[in-house]
Amino acid sequence: MTHTFGPAQARDFLQRYADKISAHAQELTDLDAAIGDADHGSNMQRGMQAVVAALPAEGNPSALLKSAAMALISKVGGASGPLYGTALLRAASSQTDKAEWTSEDLRAALEAAYAGLIERGKAQVGDKTMLDAWRPALDALQKGTPEAAATAARAGSDATKAMLAKKGRASYLGERSVGHLDPGSVSSALLFEALAEALA
Amino acid sequence: MTHTFGPAQARDFLQRYADKISAHAQELTDLDAAIGDADHGSNMQRGMQAVVAALPAEGNPSALLKSAAMALISKVGGASGPLYGTALLRAASSQTDKAEWTSEDLRAALEAAYAGLIERGKAQVGDKTMLDAWRPALDALQKGTPEAAATAARAGSDATKAMLAKKGRASYLGERSVGHLDPGSVSSALLFEALAEALA
Amino acid sequence: MKKIMNAVADIVRESCEGFALAHADLVRLSTDPLFLCRADSMSGRVGLLSGGGSGHEPLHSGFIGRGMLSAACPGEVFTSPVPDQMLAATKAISGGKGVLYIVKNYTGDVMNFELAAELAAAEGIEVQSVVIGDDVAVEDSTWTAGRRGVGGTVLLEKIAGAAAEAGADLAEVKKVAEGVMENVRSMGLALTGATVPAAGKPNFVLADDEMELGIGIHGEPGRERTAMKSADELVDALLGPIIGDLGLGRGEEVIAFTNGMGGTPLLELYVAHRQVVKHLEGLGVRVARHLVGNFITSLEMQGMSITLMRASAEQLRLWDAPVVTPALRWGA
Amino acid sequence: MKKIMNAVADIVRESCEGFALAHADLVRLSTDPLFLCRADSMSGRVGLLSGGGSGHEPLHSGFIGRGMLSAACPGEVFTSPVPDQMLAATKAISGGKGVLYIVKNYTGDVMNFELAAELAAAEGIEVQSVVIGDDVAVEDSTWTAGRRGVGGTVLLEKIAGAAAEAGADLAEVKKVAEGVMENVRSMGLALTGATVPAAGKPNFVLADDEMELGIGIHGEPGRERTAMKSADELVDALLGPIIGDLGLGRGEEVIAFTNGMGGTPLLELYVAHRQVVKHLEGLGVRVARHLVGNFITSLEMQGMSITLMRASAEQLRLWDAPVVTPALRWGA
Ligand SMILES: Nc1ncnc2c1ncn2[C@@H]1O[C@H](COP(=O)(O)OP(=O)(O)O)[C@@H](O)[C@H]1O
Ligand SMILES: Nc1ncnc2c1ncn2[C@@H]1O[C@H](COP(=O)(O)OP(=O)(O)O)[C@@H](O)[C@H]1O
Ligand SMILES: [Mg+2]
Ligand SMILES: [Mg+2]
Ligand SMILES: [Mg+2]
Ligand SMILES: [Mg+2]
C-alpha cells in the first residue's frame, strides 16, 4: 500500500503525537516510577509541547522533523531526549530536499531513525527498551500498512513486560525489572499510532 | 538542736545522696525533659558516681567535700555541675582544718555554698531554680533541725511548679515553663534529705 | 534512631579520633581530657579557645587552624564540656600572651568556662572571656538566661582569629571579638527536629506543614510554631528581626551568612541566600561578603539560620585574612 | 514535603542564582541556557566541563574554579542537563586547547554529552570525553548500563583539574582522568530516602532498622536492603567490595574519601572515617590523603559512601596542587 508523507502529514503526525503524549503522560510516568525515575511522561510532555511550539510555518517534511528533533534535544534531557531527538534528526537527514516523501522514502527514513537509536543507545532488541517497539514496527512496515506497524509496535511494547532490563535505569533493578512494561516502548507505540493516523 | 558533722557523717551524706540520685535519676530526667534538655538525672548520676569513686580513704569533712566538688566539676558539665561543684567547694573552704564540724560550722558552710550558687548562677530566689529549695532550707536550719531543713527544701521545690523560669534552659520557654517542677530544685531537696539522714 | 555510630558513649570520642586522623596536618587530639588543638606552635600568639556541646559540627573543632581557633573542647552531644578539658586545652595553647575563651551564651557553657578561667588563673595563665549571644529570637534578655550564641559565633571566631594570628595582644583580640558581638545578629528556623544519640528519639516533631521559627541550635523552642512558607517568605521572616535589632540602614555593608542546620541540602540554602541578598539590596544594604553552608548545625536537623554582621573596613580586612582550618579555608 | 524553596519549577535556577551571588569572585552564571563557569579567563588552558542532575551539591558547580572545573551544567533535580547547556558552556570555556567532558555514567548523561560533543565538533571545538563508573555496587557491568559514576567523580575532577591548570594539553588531561578512573572505586549506603521536589514524596522509605546497601546517588536500589549495623560494620561492608575490586594490597597508598549523602551529620561521618583508616591500616594500606564531608550528595538523604583511590606519587602531587573553588580549597 502506498501513501504520501508531505508537510501536512508531517505536521499532523507531530501534533497527534503531542496530543497522545499529553493524554498518556501520567501513565508513562507511572510506568517509569515502577522501574525508573518517574519522569518519562513529564519528559516527553515537556518535549512534545516544545516541538509543537517550535514548528515552523513553512517547510518540507525534513525541515519539520529536524525542527522537532532539535526541540526534543533541547528540552527533554534524560535518556529519551537524545534518543528520540537523534531518531528524528536521522529521519530528517535521509531526505532533505523532497517536498513530499513516498512510502518508500518514509520507510527508509524510519530505518535511518532506528539506526540512530542503536548508535546512540548501544542497546539491542530484547534489552527491554524502545527498540522492542521500533524493530517489530519497521518489520511490519516492510510489507504492510502504517496501521500494521502501529499494531506491531504495541505488541512489541507489550512483550517488554516479560523482559529483563539490560539498558537504562531499569537495568539497576536486575530481576526486579521483570513484570513491568518499558515506558519508552509505550511512548514509541504511541508514536507509530500517531503516524498511522496521520497517514490514514 | 546540735549535731556533729565529722568524716563519718560527711561520707555517709555523700553516699546517701549518690543513692538517692540513682533512685530518682529517671524522675529528674523526666522533669528536665519537660522544660529543659532531658539530662539532669543522667548528669547528676554520672557526677555522684564519680564522687563516690573518688572519695579518699582518709580526710576531714573539708577534704571529703572538696574531693566531691572536684569530681562534680570534672564529670557533670551542663549547668548543674559547676553549680553543685562550686557550692561544695565553698562549703569545703569555709572550714579547712577542723576534724569535726559543729552544727554552727555546718550552717556557715552551707551559707557559703549558697553564696557560691548565687555568684556562679546569678539567679535570684523565685527564678525557678535550685535556689528555691536551698534558701528555705537554710532559713529553716537557722533555728531548726536538719529534718526541718529537708522539709523546707522539699516545700520550696514544690513551690517552683507555679513559677515562671527566669534562668537556665527553661527560661527560653517563657510562660510554657509554668506548671512544671524545676529539676534542680528537686535534686537539691534530695541533697537536704540525704544530709538530714546522715545527721540523724 | 538510625545513626552511623558504634556505642552512644563512644560517638564523640570516636568522631574526634576520625577528625584528627583526617586533619593531622592541622590538628592534634588529646583524648583524656578530650580536646583538639592546633598542630603548630602557639608561641608568641594569643590563644583562642572555644568549645561546647557536640552535634554542631563543623563548629568548633572544624575551625581550628591558622587564623582561627587554637583549640576546641567538645562536650557530649548538646552538653557543655567540663572545666578539666578547658584547663588542659588552655595549657596546651598558652603561648605566653594569654588565652581568650569564646563562649556561647548557654548557662552550662558559661559556668564551666568561668570555672576553667578560675583554674587557669590559679596556674598563672592570663585568661579573658567573651560570651556571645546573637540570637534575636530571644526577645526578653534582661530577665532570662539571655540571648543564645548561634551563627555569629562562626564570624567571631574567624575575625578574632585573624587578629590573634596577626599578633594582637589579649586585650586587643578581646576588643575585636567584642566589636563583632556588637554588630552581629542571627535567627534560625527548623523544619524537623534532631535526635540526640543518648535520647534515641527526636527532640520534637513537626507536621508536614509546620515549622518552628526562632529555634536555637539545640532545638530549643523559638518564637512560634507556625505554618510552612515559601523560601522567600521564610528568609523575610528571619531577616526582619535581625535587621530591626541591628538597626541596619541604607548604605551600610554586611557580611551575610546563610547557614544550614545540618540536614538541609545546599540546593535549598542557596535558594534562601538569593533572597537574603535581594532583600538587603532592596533596603540599600550592600552584602560585602557571603558565607553559605552547614557551619553551625544541630545534628541532622533540617532548617537554616541567617546571620548578618555590620562590618567596618577593618573587620572586612580581618574576615579576608588567610584562614586554614578543616572547615574554612581561604587566602593562604 | 518540606523544602526551602519557592516554586518547584524555579528551584534549580534560583539556587544557581544564589550560588553565583555568593561566589561572584569565582564563578559566572548564564541563565539561558543554564550553566556556571569560571570568572577568570580560560585562554591557554584545556577546559573541563562537567554536569548532571541537580541535587548532588556541591557537585559539580561547587568545584568550579582554579585547579578544578571550568564550567558545570546543572540539570533539573536528578535529571541530566541538555546539550544546549553543554554547548553554550563549551563555547564559554573554550580557550583554544580543547575541552574535556567529565560524564558520570548514567544513560541520559552519557547521551546528552555525546550530542553536545557532536555539536561542539561541528563548531570546530575539539572535545574529548571521559565517562566515569566507579560504583562497585553494580556488579554485572557488561550486560547492563554499567557502573554508575559516584564519589570517584570528585577525585577525578580535582586531579584532572590540576593537570589542566598546569597547562597540560587535551590528550594529557584525558590520560590523567583515565588514570584516576582505573584506580578509583566507591560504594554507598542509605539510611533514608530523599524527596525530589517535582515528585513531592520520598523515592523510597526505609524502616528504623533497615538500610539500603549499594545505593546510587539518586537513590537507585543497590545490592540489598538489609538490617542496620554499627558504624564499624557499615564501613567494613562498604570497604570489602571496594578493596577487592581494586585488588589493594599491603604497602600501597590511597586517597580515602568518606562522603555524606547530604543529611548525615559530620559527627557521624568522622566516626565512619575513623574505621576507614583503621581497616586500611590493618591491611597495611596507607591512607596518604583524606577527604571527609558532604561533597556528592543526594538531597537530604542520610547515608554515606566511601571512595578509595590507589594513588601514585604523581597523582598525589596533582591532588595536593592548589585548588580554589566554592567547595574545595587548599594550597593557594
Ligand atoms: N540505551 C538505550 N537504548 C534505547 N532506549 C533506551 C536506552 N536507555 C533507556 N532507553 C529508553 O528510555 C526510556 C526512559 O526514558 P526517560 O525516563 O525519559 O529517561 P531517563 O531514564 O533518563 O529518566 C526507557 O524506558 C527506555 O525505553
Ligand atoms: N543560673 C542558675 N542558677 C541556679 N540554678 C540554675 C541556673 N541555671 C540552671 N540552674 C539549675 O540547673 C538545673 C538544670 O541542670 P542540668 O539539666 O543538669 O543542666 P543543663 O541545663 O545545662 O542541661 C535547673 O533545673 C536549675 O535548677
Ligand atoms: Mg526516567
Ligand atoms: Mg538539662
Ligand atoms: Mg544539658
Ligand atoms: Mg530521568
Side-chain angles (χ1 to χ4, degrees), chain B residues 29-30 32-43 45-47 50 54 69-90 116-124 126-130 164-177 184, chain C residues 8-9 32-34 51-54 73-88 106-119 135 137-148 196 198-201 203-204 214-216 218-225:
Chain B
T29 287
D30 290 347
D32 198 28
I35 55 170
D37 60 350
D39 63 0
H40 188 55
S42 50
N43 286 347
Q45 192 168 22
R46 185 172 63 247
M70 297 315 290
L72 288 174
I73 289 171
S74 302
K75 292 295 170 199
V76 177
S80 51
L83 285 167
Y84 279 113
T86 300
L88 293 192
L89 204 56
R90 293 296 173 87
L117 288 179
I118 300 261
E119 206 178 297
R120 184 66 66 207
K122 297 179 186 64
Q124 302 177 357
D127 282 355
K128 191 174 182 128
T129 70
M130 54 176 72
L164 182 84
K166 301 261 175 66
K167 290 286 169 191
R169 288 180 190 278
S171 68
Y172 303 129
L173 282 168
E175 295 289 344
R176 288 191 259 175
S177 67
Chain C
V8 169
D32 192 18
L34 186 68
S54 293
C73 299
E76 288 301 310
V77 175
F78 289 5
T79 300
S80 164
V82 296
D84 292 34
Q85 296 171 261
M86 298 161 185
L87 180 64
Y106 297 95
T107 306
D109 293 57
V110 171
M111 292 187 198
N112 282 284
F113 269 104
E114 247 175 50
L115 268 167
E118 292 169 17
L119 297 170
D135 183 1
V138 178
E139 293 179 271
D140 172 13
S141 58
T142 324
W143 302 108
T144 68
R147 288 185 163 171
R148 301 167 293 209
V196 174
K201 53 178 196 283
N203 47 12
F204 59 89
I215 202 91
H218 309 92
E220 311 92 312
R223 292 196 171 193
E224 49 167 342
R225 188 166 290 195

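Residue numbering restarts at 1 for every chain, and letters A, B, ... go by the order of the sequence lines.
With sequence neighbours left out, the side-chain hydrogen bond (donor to acceptor under 3.5 Å, both in side chains) criterion links E118(C) to R120(B). For D39(B), there are no salt bridge (Lys or Arg N to Asp or Glu O under 4.0 Å) partners at least two apart in sequence or on another chain.
The part of K122(B) that comes within reach of chain C is its side chain, from C-beta onward, which places non-hydrogen atoms under 4.5 angstrom from that chain. Residue contact with chain B, scored on non-hydrogen atoms closer than 4.5 Å, involves the backbone of P81(C) exclusively. In this structure, chain C has a heavy atom under 4.5 Å from the side chain of T86(B), while its backbone stays farther away.
At a threshold of 4.5 Å between non-hydrogen side-chain atoms, the residues I73(B) and L115(C) count as touching.
For the residue pair A79(B) and M111(C), the shortest heavy atom distance occurs at O-SD, 3.7 Å. In this structure, G168(B) and T107(C) approach most closely via the heavy-atom pair CA-OG1, 3.4 Å. When every heavy atom of G78(B) is checked against every heavy atom of S80(C), the shortest pair comes out as N-CB, 3.7 Å.
Taken from OH in Y172(B) to CG in D135(C), the straight-line distance is 8.5 Å, to the nearest 0.5 Å. To the nearest 0.5 Å, the span separating CG on N203(C) from CG on D37(B) amounts to 10.0 Å. One finds the CG atom of L83(B) at 9.0 Å from the CG atom of N112(C) (value rounded to the nearest 0.5 Å).
Chain C forms more heavy-atom pairs under 4.5 Å with one residue of G85(B), G121(B), G36(B), P82(B) than with any other, namely P82(B).
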